[in-house]
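All values below were derived from every heavy atom in this structure, side-chain atoms included, with hydrogens, water molecules and symmetry-related copies excluded. Each chain gets a letter, A, B and so on, in the order its sequence line appears, and its residues count up from 1.
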Amino acid sequence: MPEPRYWLFKSEPSSYSWDDLTAEDGQTAEWDGVRNYQARNFMRDDMRIGDYVLFYHSNAKPPGVIGTARIVREGYPDDSAWNPDSRYYDAKSDPANPTWMMVDIKAERRLPRFISLNELKANPALADMMVTKRGQRLSVQPVTAAEWAEVLAMAERAAP
DNA sequence: GCCAACGTTGGC
DNA sequence: GCCAACGTTGGC
């Protein structure tokens, strides 16, 4: 059995929040609209069913990790790319050879407490975590097993 | 609302 | 292939 892997998915709560995810049928959503090649490659090549996801609210007050999810469907074509009515429409994406891919995620649980970006940045154990780095805009990021465990442990402890 | 950082585009 | 211009992300 392959090693489970860990990811962080960013979403702006004003467009798609944790509550939106948990309100879905089966608490499962298609993660469409990713239009960055590096993020696409992670979804197409690396994500496996069962991988763990930190659900992160970006552009929020404050930004931070609110819950966990799992990958429940591996990379497949993002059909919003050839839907002219979609805000994610990409005229250059050919349905016969799709440029953009998506995965499905299912909500697992809301963290016992929200872990803000400030708190992530203040934890020396997370100094190398991508999301704590300035200017890091990748909307889908790998997370190490140690980082995953640390964030969950923080959520079990009282606020600092 | 501001703006730094970043990815993409397109002229050359 | 270089790089300036542009649009977007996302923290503050």
Side-chain angles (χ1 to χ4, degrees), chain A residues 5-24 29-47 51-69 71 75-105 107-108 110-144 146-148 150-155 157-160:
Chain A
R5 277 169 295 186
Y6 305 89
W7 306 94
L8 180 144
F9 280 34
K10 292 182 188 172
S11 189
E12 300 196 17
S14 61
S15 64
Y16 194 85
S17 69
W18 173 258
D19 287 343
D20 291 326
L21 176 61
T22 58
E24 301 275 9
E30 300 181 336
W31 208 252
D32 63 358
V34 173
R35 296 291 179 269
N36 169 282
Y37 286 101
Q38 201 178 349
R40 187 280 312 270
N41 292 346
F42 285 136
M43 294 197 298
R44 185 189 61 192
D45 304 332
D46 297 321
M47 290 185 193
D51 284 3
Y52 296 89
V53 174
L54 294 173
F55 196 96
Y56 177 90
H57 277 170
S58 61
N59 240 325
K61 295 177 181 178
V65 179
I66 186 166
T68 65
I71 303 293
Y76 63 108
D78 179 349
D79 54 11
S80 69
W82 50 83
N83 174 3
D85 297 327
S86 169
R87 57 184 292 235
Y88 304 123
Y89 178 64
D90 176 5
K92 296 193 299 299
S93 177
D94 173 9
N97 184 19
T99 306
W100 304 114
M101 308 286 281
M102 60 186 173
V103 297
D104 289 358
I105 66 168
E108 188 161 68
R110 188 175 182 128
L111 292 183
R113 107 190 146 74
F114 178 84
I115 304 297
S116 71
L117 177 60
N118 277 343
E119 201 177 330
L120 296 174
K121 284 180 171 175
N123 186 337
L126 302 179
D128 294 329
M129 193 174 179
M130 285 182 80
V131 76
T132 66
K133 305 266 170 122
R134 186 157 183 268
Q136 177 50 68
R137 310 188 318 179
L138 200 58
S139 67
V140 159
Q141 314 180 346
V143 167
T144 68
E147 289 163 350
W148 167 271
E150 183 62 23
V151 173
L152 265 59
M154 291 168 79
R157 292 197 290 267

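- Using modelled atom types and a 3.5 Å distance limit, the side chains of A:Asp104 and A:Tyr76 yield a donor-acceptor pair.
- Applying the side chain to side chain donor-acceptor pair (under 3.5 Å) test to A:Asn59 and every residue at least two apart in sequence or in another chain returns A:Glu12.
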Give me, pair by pair, the N or O atoms of the protein and of nucleotides 1-9 of chain C that are less than 3.5 Å apart, along with how far apart they are.
unit_1: C:dT8; atom_1: O2; unit_2: A:Arg137; atom_2: NH1; d: 2.5

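- When the nearest nucleotides of DNA chain B are assigned to A:Arg134 and A:Tyr37 by heavy-atom distance, the more 5′-ward of the two goes with A:Arg134.
- Rounding to whole angstrom units, CD of residue A:Glu119 and C1' of C:dG11 are separated by 17 Å.
- Scanning for salt bridge (Lys or Arg N to Asp or Glu O under 4.0 Å) contacts around A:Asp20 gives an empty result, with sequence neighbours left out.
- Residue contacts shown for A:Lys133 are absent, as no nucleic acid heavy atom lies under 4.0 Å away.
- Residues that satisfy the side chain to side chain donor-acceptor pair (under 3.5 Å) test with A:Gln141, not counting sequence neighbours, are absent from this structure.
- A search for salt bridge (Lys or Arg N to Asp or Glu O under 4.0 Å) contacts involving A:Arg87 returns nothing, not counting sequence neighbours.
- Sorted by first then second residue, the side chain to side chain donor-acceptor pair (under 3.5 Å) pairs that include residues 127-140 of chain A, not counting sequence neighbours, number zero.
- Partners of A:Thr144 by side chain to side chain donor-acceptor pair (under 3.5 Å), not counting sequence neighbours, listed by chain and number: A:Glu147.
- Position along DNA chain B of the nearest nucleotide to A:Gly135 versus A:Lys61 favours A:Lys61 as the more 5'-ward residue.
- A heavy atom lying under 4.0 Å from DNA chain B marks none of the residues of residues 78-89 of chain A.
- The salt bridge (Lys or Arg N to Asp or Glu O under 4.0 Å) test applied to A:Lys92 returns A:Asp90, not counting sequence neighbours.
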